[in-house]
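Because only heavy atoms are used, hydrogens play no part in the values below, and waters and symmetry mates are left out as well, while side chains stay in.
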Protein chains: 2
Amino acid sequence: MHESSGQFEGIPQPPWQRLPDRSARRRRDPISREAIVDTAIRLLDAEGLDTLSMRRIADELGTGAASLYWHVGSKDGLLDLVFDKLIGELTIPGPQPGRWREQLKDVARAQRAVSLRHPYLVRISIGRIPMGPNALRYSERVLAILAAGGLPPRLAVQGSHLLISTVNGFTLDETGVGDDAAEDASAHGAATGHDATTHGPDATVHTHRGSQQGANMVRDYLAALPPQAFPTLVAMAGEYSHADPDERFELLIDIFVDGLARRAASAAGDAKASQ
Amino acid sequence: MHESSGQFEGIPQPPWQRLPDRSARRRRDPISREAIVDTAIRLLDAEGLDTLSMRRIADELGTGAASLYWHVGSKDGLLDLVFDKLIGELTIPGPQPGRWREQLKDVARAQRAVSLRHPYLVRISIGRIPMGPNALRYSERVLAILAAGGLPPRLAVQGSHLLISTVNGFTLDETGVGDDAAEDASAHGAATGHDATTHGPDATVHTHRGSQQGANMVRDYLAALPPQAFPTLVAMAGEYSHADPDERFELLIDIFVDGLARRAASAAGDAKASQ
DNA sequence: GTTCGGCAACGAACATCGTTCTAACATAGA
DNA sequence: TCTATGTTAGAACGATGTTCGTTGCCGAAC
């Protein structure tokens, strides 16, 4: 009170008497955990996972990096919150026993859609056991669908786990290649190429921003391989140009859900037989 | 000159003439790209991915970090080489047309085994298109098995892709949880728990070094959930205690390979019908 | 009305990281 | 012996996650 400190705004503080510069930076709009999570997600969507830093988030909020730590504990804790919040975007319908197969496919499609909308999601999920409130809701509803479909508990639990990891595996290489800011080739090829099997690039080829251009590059590269060493690869190189991710994903969930249904049926048959 | 610098080993250099201290550090054993890659793999196996740094590798080789860059270009380039070298550990058998289903399962098992032996492998593979010499050999042999099994090219290519990503997805959460150096809980729980669905932990629970202890923790936690909100999860909590990864993996590849075989058969049927 | 204590914010600093710069060295050929 | 070239390596740069110590705010107690 008494407007104690910075009362006379015109007179600058003597520079040797170093006082905190509270000119900018209003104490209004106190930062909250939700605001931090939201800006983190906004930055992640806009600029990708690699460029996300505590300081970047703090800048966006008009504060310093240290201020974030009171609310989120650590960057990893923040990513925990981001992860669960994004899982909350998933809406899983209530179980309809006769339609459990289609429902399960819809769940898979929804999960892939979220992972494509936030291409960093799968990478964030690594090493994080999904046990936040939204993740629990998600597991509950998926399990409910499988239980309503008549799967025995063991198979239902295993199936829900496998569904998640299978979709994650698929979207991982769908989203893993091109993140953001296109890097140049870098081609670290020096000498010492003594044991190379082929005359292709030295170790691994990075193809950025996939889509059609990258697919054609891969196809051309494969087609140019020495046929005696890679006969099948050369013969099938053409298939790599029109690789439709949607079609492949549908094939995957078809295989998975059909297979799961078949195990469920055979399990039911076994149970009936041993009755 | 005349054997200018460190010739007479007994006499120390005058300290004001600051020359690089080449007292230790023999010029023998010049570092090579292979030696760098091998040391990196050894460190990765022993200490995990998080603690790997260029300086750590250089220390192990008795040199400085800058010296590595002449050979590998960048850390990412080094990981390219590590990745392809580890893929080289896989040995895929030649195709036996009548046994392609078992062979494909064996491929999956082998891939999982490598990913468990080097738990950082899957994480390294993210964003890396597998086109090194060993990766190409791998793709060639898998495709050869599928082609010998009679799959049409389109299905063979898609199947080989899906096999890799499916196994990766499975091993990702098998190896993703506990890396190395056990961290303490950290529990960043402050106030503002206003919208929590449950009275459980705040956001996400990290269970380290999985196995039985972690499984029991998960089971107990799920069993203690409010049953009206999570009826299915609570009812099936017991299943989470005896979750056998091997059994689940076998279920996965059973489903996958059987499903692929079924598509192959129906594709063959279609081809014959439209003939 | 004044004092006090805890919640919240913040600047500065620390350790570490990947990477670059540049000088020094080693060795082979002239 | 001199030079050219390939190779090593110390120092430094910028950026990162995180911690420390301090400061301010605001309601409760006196």
Inset, instruction - Please identify each residue that fulfils side chain to side chain contact (heavy atoms under 4.5 Å, CB included) with A:Ala135, with sequence neighbours left out. - result: A:Asp84, A:Ile87, A:Pro130

Legend entry - Distance in angstrom units between B:Leu61 CG and D:dT7 C1', rounded: 14 Å

Inset, instruction - List in chain and number order the residues that pass side chain to side chain donor-acceptor pair (under 3.5 Å) with B:His118, two or more places apart in sequence or in another chain; answer none if no residue qualifies. - result: B:Asp45, B:Glu89, B:Tyr120

Inset, instruction - Quickly work out the B:His71 NE2 to D:dT7 P distance and round it to whole Å. - result: 7 Å

Legend entry - Protein-nucleotide distance (A:Ile57, atom CD1; D:dA15, atom C1'), rounded to Å: 15 Å

Inset, instruction - Round to a whole Å and report the spacing from CG of B:Asp50 to P of D:dT16. - result: 19 Å

Quick one: which protein N/O atoms are closer than 3.5 Å to N/O atoms of nucleotides 15-18 of chain C? Pair and distance per line, please.
| unit_1 | atom_1 | unit_2 | atom_2 | d |
| --- | --- | --- | --- | --- |
| C:dG18 | OP1 | B:Lys75 | NZ | 2.6 |
| C:dG18 | OP2 | B:Met54 | N | 3.0 |
| C:dG18 | N7 | B:Arg55 | NH2 | 2.6 |
| C:dG18 | O6 | B:Arg55 | NH2 | 2.6 |

Legend entry - B:Trp70 CH2 - C:dC21 P separation (whole Å): 17 Å

Legend entry - Atom pair distance, as rounded to whole Å: CD1 in B:Ile31 and C1' in D:dT7: 8 Å

Inset, instruction - For B:Leu68 and D:dG6, give me the distance from atom CG to atom P, rounded to whole Å. - result: 20 Å

Legend entry - Of all pairs that satisfy salt bridge (Lys or Arg N to Asp or Glu O under 4.0 Å), the ones with a partner from residues 58-73 of chain A, not counting sequence neighbours: A:Arg42-A:Glu60, A:Arg56-A:Glu60

Inset, instruction - Using a cut-off of strictly less than 4.0 Å, decide whether A:Thr63 has a side-chain nitrogen or oxygen near OP1 or OP2 of C:dA9. - result: no

Legend entry - Sequence-distant partners of B:Thr39, side chain to side chain donor-acceptor pair (under 3.5 Å), two or more places apart: none

Inset, instruction - Could you list the residues that satisfy side chain to side chain donor-acceptor pair (under 3.5 Å) with A:Asp38, not counting sequence neighbours? - result: A:Lys85

Inset, instruction - Please tell me which of the listed nucleotides, C:dA9, D:dC20, D:dA9, lies nearest to the side chain of A:Ala66? - result: D:dC20

Legend entry - Any donor-acceptor pair under 3.5 Å from A:Ser67 side chain to A:Thr63 backbone: no

Inset, instruction - Would you mind telling me which of C:dA9, D:dA11, C:dG11 lies closest to the side-chain atoms of A:Ser67? - result: C:dA9

